[in-house]
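Comments concern the structure below.
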Amino acid sequence: MHFRVPSRAFVNIWLRRVGVLLGIVVIFFAGVEVGNGRIYNGMFAKTQSGLPAKLDYASVNQIYQLVRSQYDGKLTETQLLDGIKTGLVNSLNDPYSEYFTPSEASQYNDEVQGSFSGIGAELGQTQTGAVQIIAPISGSPAAKAGVQAGDIITAINGKSTNGMSADTAVNAIRGKSGTKVTLTITRGAQTNVQLTITRANIVVPSVTSKILPGNIGYMQISQFTDDTASLASAAAQSFANAHVRGVVLDLRDNPGGLVDAAVSVSSLWLNSGQNIMQAKAGSTVLQTYTATGGDTLHDIPTVVLVNSGTASAAEITAAALHDNKDATILGEKTYGKGVMQQLDTLPGGAELKVTIASWYRPNGKNINHLGITPDKIVAASPAGSTDDAQEAAAIALLTK
C-alpha cells in the first residue's frame with residue numbers, strides 16, 4: 001500500500017508494524033524478571049543468534065510521532081504499549097506464546113489455580129490460526145452446553161474470530177457469572193452451530209477419585225493445577241489402603257497445566273530417578289525431569305484414558321507411564337502439544353508466556369502436532385449416552 005497522509009488504513013497498518021519493532025525495544029528495556037515457575041522450574045537462558053546486541057530504533061520513534069500527530073482517534077500510552085508487546089509476541093507465529101496485560105495475567109493465574117469466572121473451556125489455535133476448543137472442563141458450563149474438544153469457534157457473540165488470537169478469544173468469552181455468551185462453532189461437517197452458554201464462577205478440584213465395582217481405583221485429573229499433586233497423592237494412598245486390583249487414570253479432556261504437577265503425578269507410579277521427559281532446544285538437552293519418589297502405585301496395573309482433548313502436561317504424564325511400562329494407554333489419539341513455556345513476570349503485573357523448549361518423552365519422541373496413539377483405540381460413546389465405552393474397556397482390561 002502506498003503512503004497517503006492522513007489515511008487511517010495506512011496508520012493502522014504501520015501501527016501494527018510499529019508494534020513489532022517497538023516491542024523489541026520494550027522487552028529489552030523492561031527488565032524481564034525470572035518467571036514464577038508456574039509453567040516449569042528453572043530458566044533456560046539463551047540469546048538468539050543473528051539479532052543485534054543493541055537496536056537502532058530511531059525510525060520506530062519517527063513512525064510513532066506520525067501516529068501520534070496524524071491518527072484520527074483516541075489512543076492511550078497503555079493501549080499503545082500493550083499493543084506493541086502483543087504484536088511482538090504474535091510475530092513469533094507461535095500459538096502457545098502470549099503476552100498478558102495485568103488483568104489478563106490475573107485471569108490466567110486464577111485459571112491455573114483452578115478458579116475463574118467463565119464457561120470452563122481451554123482454547124488453543126490450529127496450525128492455520130483458527131480458534132479451537134482443546135477441551136471443556138468436566139462439569140463446566142461449556143461441557144453442559146455440549147461444547148466438545150476439537151470444536152472450531154468461528155464467532156463469539158456474532159463477531160468473527162478470523163485473525164483472532166486464542167488469548168483475545170478467551171477475553172471475549174470471559175465475563176461476569178450469570179451473563180451469557182453465544183459461540184458459533186464448526187464441528188466436522190456441521191457449520192454455524194450456535195451454543196449459548198451462561199457463565200459461572202468455576203472452582204473445580206483438579207482431581208476426583210472413587211473405588212469402582214471390582215475394586216478398581218478411578219482417578220480423574222481435569223487439569224494440572226496447584227492442588228493436583230496433593231489431591232492425586234491422597235487418592236493414590238486411598239487406593240493402596242483399599243488394595244485395589246487396578247487403576248484407571250482418566251486424562252480425557254485434560255488440557256494440561258503445570259509441569260511440576262505432571263512430574264508429581266507421574267512419580268506416584270514411577271521409581272525414583274526414572275525418566276519422565278527431557279526439555280530440548282534443538283538437539284541440546286536443557287533439562288531432564290525424573291521421578292521424585294513416593295511410587296505408591298508402582299506395582300498396580302494401570303490404564304490411562306486419553307482422547308483428542310488430552311494435551312500438554314496430560315500427555316507428559318501418559319507418555320511417562322507408558323514408556324516406562326507402568327501403564328497401558330486406551331482411548332483416542334491425543335491433541336499433540338509438545339512444547340514448554342516460561343512464564344515471566346513483567347513490571348506492573350503483566351506476564352509473558354513464551355515457548356522456550358520442546359519436550360521429549362522417555363522413548364525419545366516429541367509429540368508436538370503428532371499426539372500419542374493409544375495402545376488400544378476405543379471410540380467414545382455417542383454424545384448423550386449414559387454409558388462410557390472407554391471406561392468400560394479400561395475396566396475390562398484390568399479385570400482380565
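Atoms considered below: every heavy atom in the structure, side chains included; atoms not considered: hydrogens, waters and symmetry mates.
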Heavy-atom donor-acceptor pair, [X] side chain to [Y] backbone, under 3.5 Å:
X	Y	answer
Asp323	Ala320	no
Ser106	Ser103	no
Thr302	Ile300	yes
Ser381	Ala389	yes
Ser140	Pro136	no
Ser358	Val339	no
Thr290	Gln274	no

If we count only N and O atoms by modelled type, under 3.5 Å, do the side chains of [X] and [Y] hold a donor and an acceptor together?
X	Y	answer
Glu315	Thr334	yes
Gln390	Asp388	no
Thr179	Arg199	yes
Thr198	Lys180	yes
His322	Asp375	yes
Gln278	Thr288	yes
Glu122	Gln223	no

Mind checking the [atom1]-[atom2] spacing from [X] to [Y]? Nearest 0.5 Å is all I need.
X	Y	atom1	atom2	answer
Trp269	Ile276	CH2	CD1	11.5 Å
Leu268	Gln237	CG	CD	10.0 Å
Asn254	Leu251	CG	CG	5.5 Å
Leu249	Leu330	CG	CG	12.0 Å

So, using side-chain hydrogen bond (donor to acceptor under 3.5 Å, both in side chains) as the criterion, who are the partners of Asn275 when residues are at least two apart? none
Partners meeting side-chain hydrogen bond (donor to acceptor under 3.5 Å, both in side chains) with Tyr218 (sequence neighbours left out): Asp250
Give me the one residue out of Thr228, Leu231, Thr317 that meets side chain to side chain contact (heavy atoms under 4.5 Å, CB included) with Ile221. Thr228
Return the minimal non-hydrogen interatomic distance between [X] and [Y], and the atom names on each side.
X	Y	value
Ala318	Val304	CB-CG1, 4.0 Å
Leu321	Ser266	CD2-O, 3.8 Å
Val248	Ala394	CG2-CB, 4.0 Å
Ala149	Ile134	CB-O, 3.2 Å
Ile367	Trp359	CG1-CH2, 3.4 Å
Leu398	Gly246	CD1-C, 4.1 Å

Side chain to side chain, [X] and [Y], heavy atoms closer than 4.5 Å:
X	Y	answer
Leu123	Asp167	no
Ile185	Ile152	no
Glu104	Glu98	no
Leu352	Leu346	yes

Verify the cluster assignment for Val170 and Leu195: are they in a single hydrophobic cluster under the rule of side-chain heavy atoms below 4.5 Å apart? yes
Around atom [atom1] of [X], are there more than 12 heavy atoms of other residues, nucleotides or ligands at under 6.0 Å?
X	atom1	result
Asn162	CG	no
Arg187	CZ	yes
Gln65	CD	yes

Mark yes or no: Lys353 above the aromatic ring of Tyr99, with NZ or CZ under 6.0 Å from the six-membered ring centre and no more than 45 degrees from the axis. no
